[in-house]
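Below is one structure, written out as structure tokens; the observations come after it.
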Amino acid sequence: NESKPVAAAARSTRSYWTNFRGPARDGRYDEAAIRTAWPAEGLRLLWKQPIGGGYASFVVAEGVAFTIEQRRQQEVVAAYEVETGRELWTHATDAEFRESMGGDGPRATPTWEAGRLYALGAEGDLNCLDAKTGKLNWSKNILKDNGAENLQWGVSGSPLIVDDKVVVLPGGRSGKSVVAYNKLTGAPVWKSLNDTQAYVSPMLVTLAGKRQILVVSSNRIVGLEPGDGSLLWESKWDTDMGINISQPIVIDANHFFISSGYGKGAALVEISGSGSGLSARKVWENTSMKNKFNSSVLHEGNVYGLDEGILTCVDVKTGDRKWKGGRYGYGQVILASGHLIIITDAGELVLVKATPDKHTEVARFSAIEGKTWNYPAIADGRLLVRNQTQMACFDVAGK
């Protein structure tokens with residue numbers, strides 16, 4: 001078969017799942033069709049092996065998967081060959097975040113861009129590394145640099161690359177809550193807001209025709225001008241103890257969906273106006289979806305997510321719940337080929353149809369052992385999962 005070497009070459013050069021939850025940070029895998037008829041024994045396992053602790057996911061580029069993990073008293077950024085699981089390089093920083101309720105280790109998924117990897121540890125250590133070799137380009141501690149205190153559950157927001165900048169969320173007072181550094185040198189570019197931060201990763205979006213950085217802090221959602229960090233609009237979003245974790249989802253040109261657990265619920269927010277005169281209003285707000293530390297996905301006008309651990313479908317335009325069924329615990333959900341791929345909090349992989357009619361589970365098998373809160377990642381037909389002790393790679397390519 002002449003196509004096999006070509007496929008292998010393509011697999012080693014593509015760069016698709018380069019951000020937390022995929023290219024747009026929205027949990028969608030649109031690179032290619034996936035296999036939706038899973039064998040009874042589960043997807044074909046490429047490899048499974050031990051991994052260090054923490055809650056980061058993988059990003060994948062050029063045939064390599066990157067993550068950050070706790071190994072003894074060090075946070076270790078590690079690069080693994082996707083096809084074999086072979087460790088290619090590591091970069092260690094002396095840091096050990098401990099937290100008895102949620103668990104120890106780094107939280108934020110690294111970000112890959114143009115051959116560089118941006119990895120952020122749970123105590124604020126931001127390292128820019130050469131993605132091929134692991135060599136350090138520059139480093140700084142974003143908490144110390146901005147006079148910020150760490151959050152109860154540690155720095156969690158994944159670094160966001162916007163043009164020539166890397167944007168992070170130290171949560172410093174006196175205008176140092178959201179900070180942009182030069183992505184090549186680490187030199188400060190701008191600093192903005194006074195908000196205590198939450199556990200949400202910043203997103204680059206376009207709303208009301210305006211390209212902007214979407215940030216969810218501990219008590220509000222804001223849109224920021226990428227060039228200088230100035231505030232474009234804001235919408236109150238305060239939760240019990242200021243705990244926001246779930247990623248917003250852009251719905252269309254003017255709307256985004258937001259959800260939080262701890263009794264808060266969900267809302268559809270409309271951004272209108274033009275230029276710097278933008279404003280936000282809530283179209284609806286209710287408790288139909290309460291994403292605790294899981295984010296929902298959008299498919300054909302419906303949002304699918306774990307409402308305090310139970311899979312739920314909500315009509316995004318109205319906020320009406322279509323169905324609720326299937327207990328998957330505090331796992332994670334991503335969307336691919338009109339299906340939901342769920343990793344349960346017990347390490348099972350589940351395939352569910354993304355349809356508003358009813359809850360239809362197609363397949364389920366045990367993927368990894370132990371408590372699993374980390375997001376799955378998919379690139380080039382390879383599904384990567386991990387938790388605090390194990391990592392595995394499965395073949396989910398369409399057939």
Side-chain angles (χ1 to χ4, degrees), residues 21-38 43 203 205 207 214 221 237 245-261 263-271 281-345 348-365 375-376 378 383 396 398:
R21 299 186 73 233
R25 303 195 167 193
D26 60 1
R28 295 179 66 95
Y29 176 69
D30 294 322
E31 184 186 25
I34 65 153
R35 180 175 190 171
T36 54
W38 291 8
L43 294 170
M203 297 170 70
V205 303
L207 290 163
L214 189 60
I221 316 154
W237 192 252
I245 305 173
S246 178
Q247 295 296 129
I249 309 170
V250 172
I251 303 301
D252 56 31
N254 289 80
H255 298 86
F256 68 87
F257 169 89
I258 180 91
S259 178
S260 292
K264 176 68 174 175
L268 182 68
V269 183
E270 180 182 47
I271 306 300
R281 77 169 184 99
K282 292 187 179 77
V283 178
W284 59 259
E285 182 174 356
N286 62 32
T287 55
S288 63
M289 180 77 78
K290 298 176 294 296
N291 291 146
K292 196 168 185 178
F293 44 87
N294 344 73
S295 300
S296 292
V297 292
L298 173 74
H299 183 59
E300 294 179 351
N302 295 288
V303 164
Y304 299 86
L306 292 165
D307 175 35
E308 292 290 353
I310 303 173
L311 192 64
T312 301
C313 171
V314 172
D315 183 320
V316 79
K317 286 290 194 289
T318 65
D320 296 336
R321 183 186 288 151
K322 294 290 188 72
W323 54 257
K324 188 170 181 176
R327 292 179 179 273
Y328 302 110
Y330 293 105
Q332 306 293 355
V333 182
I334 53 178
L335 178 80
S337 297
H339 288 68
L340 309 170
I341 296 177
I342 302 165
I343 182 101
T344 73
D345 61 3
E348 292 175 297
L349 274 169
V350 186
L351 190 67
V352 174
K353 284 185 179 173
T355 167
D357 305 338
K358 60 178 180 177
H359 169 244
T360 307
E361 185 175 302
V362 179
R364 179 197 288 239
F365 69 96
Y375 270 93
I378 310 184
L383 172 61
V396 75

Can you tell me how far [atom2] of [Y] sits from [atom1] of [X], rounded to the nearest 0.5 angstrom?
{"X": "Ile258", "Y": "Leu268", "atom1": "CD1", "atom2": "CG", "result": "11.0 Å"}
{"X": "Gln332", "Y": "Thr344", "atom1": "CD", "atom2": "OG1", "result": "11.0 Å"}
{"X": "Ile310", "Y": "Lys290", "atom1": "CD1", "atom2": "NZ", "result": "8.5 Å"}
{"X": "Lys292", "Y": "Leu306", "atom1": "NZ", "atom2": "CG", "result": "12.5 Å"}

Self-check item: Trace of the side chain to side chain contact (heavy atoms under 4.5 Å, CB included) decision for Ile34 with Leu383
Solution: CA-CA 10 Å; Ile34 65 153; Leu383 172 61; over 6 Å; no

Can you find a pair of side-chain heavy atoms, one from [X] and one from [Y], that are under 4.5 Å apart?
{"X": "Val269", "Y": "Ile271", "result": "yes"}
{"X": "Ile341", "Y": "His339", "result": "no"}
{"X": "Asp252", "Y": "Lys317", "result": "yes"}
{"X": "Tyr328", "Y": "Leu340", "result": "no"}
{"X": "Arg21", "Y": "Val297", "result": "yes"}
{"X": "Val350", "Y": "Leu311", "result": "no"}
{"X": "Val250", "Y": "Leu207", "result": "yes"}
{"X": "Leu298", "Y": "Ile251", "result": "yes"}

What heavy-atom pair brings [X] and [Y] nearest, and what distance separates the two atoms?
{"X": "Ile334", "Y": "Pro376", "value": "CD1-CB, 3.9 Å"}
{"X": "Thr287", "Y": "Gly263", "value": "CG2-O, 4.1 Å"}
{"X": "Leu214", "Y": "Pro248", "value": "CD2-CG, 3.7 Å"}
{"X": "Ala354", "Y": "Tyr304", "value": "C-OH, 3.2 Å"}

The criterion is ring-ring contact (aromatic ring centres under 6.0 Å, His included); which residues satisfy it with [X], sequence neighbours excluded?
{"X": "Tyr29", "result": "Tyr16"}
{"X": "Tyr375", "result": "Phe20"}
{"X": "Phe293", "result": "Tyr330, Trp373"}

Looking only at atom types and distance, does a side-chain atom of [X] sit under 3.5 Å from a main-chain N or O of [Y], one as donor and one as acceptor?
{"X": "Asn294", "Y": "Gly331", "result": "yes"}
{"X": "Asp315", "Y": "Asn302", "result": "no"}
{"X": "Ser296", "Y": "Val303", "result": "no"}
{"X": "Arg321", "Y": "Trp323", "result": "no"}
{"X": "Thr312", "Y": "Met289", "result": "no"}
{"X": "Ser259", "Y": "Gly265", "result": "yes"}

Notebook entry, point to check: Charged N to carboxylate O under 4.0 angstrom, Arg364 versus Glu348?
Noted result: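 Yes.
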
side-chain hydrogen bond (donor to acceptor under 3.5 Å, both in side chains) partners for [X], two or more places apart:
{"X": "His299", "answer": "none"}
{"X": "Arg28", "answer": "Asp30"}
{"X": "Asn286", "answer": "Ser288"}

Geometric class of the Phe365/Trp38 ring pair [parallel <30°, tilted 30-60°, perpendicular >60°]
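Perpendicular.
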
Looking at Lys353, I'd like to know if its NZ atom is crowded, meaning that more than 12 non-hydrogen atoms belonging to other residues, nucleotides or ligands lie closer than 6.0 Å.
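Open.
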
Next on the checklist: On the six-membered ring of Trp237, is Lys264 placed so that its NZ or CZ lies under 6.0 angstrom from the centre and within 45° of the ring axis?
Outcome noted: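 The answer is yes; both the distance and angle limits are met.
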
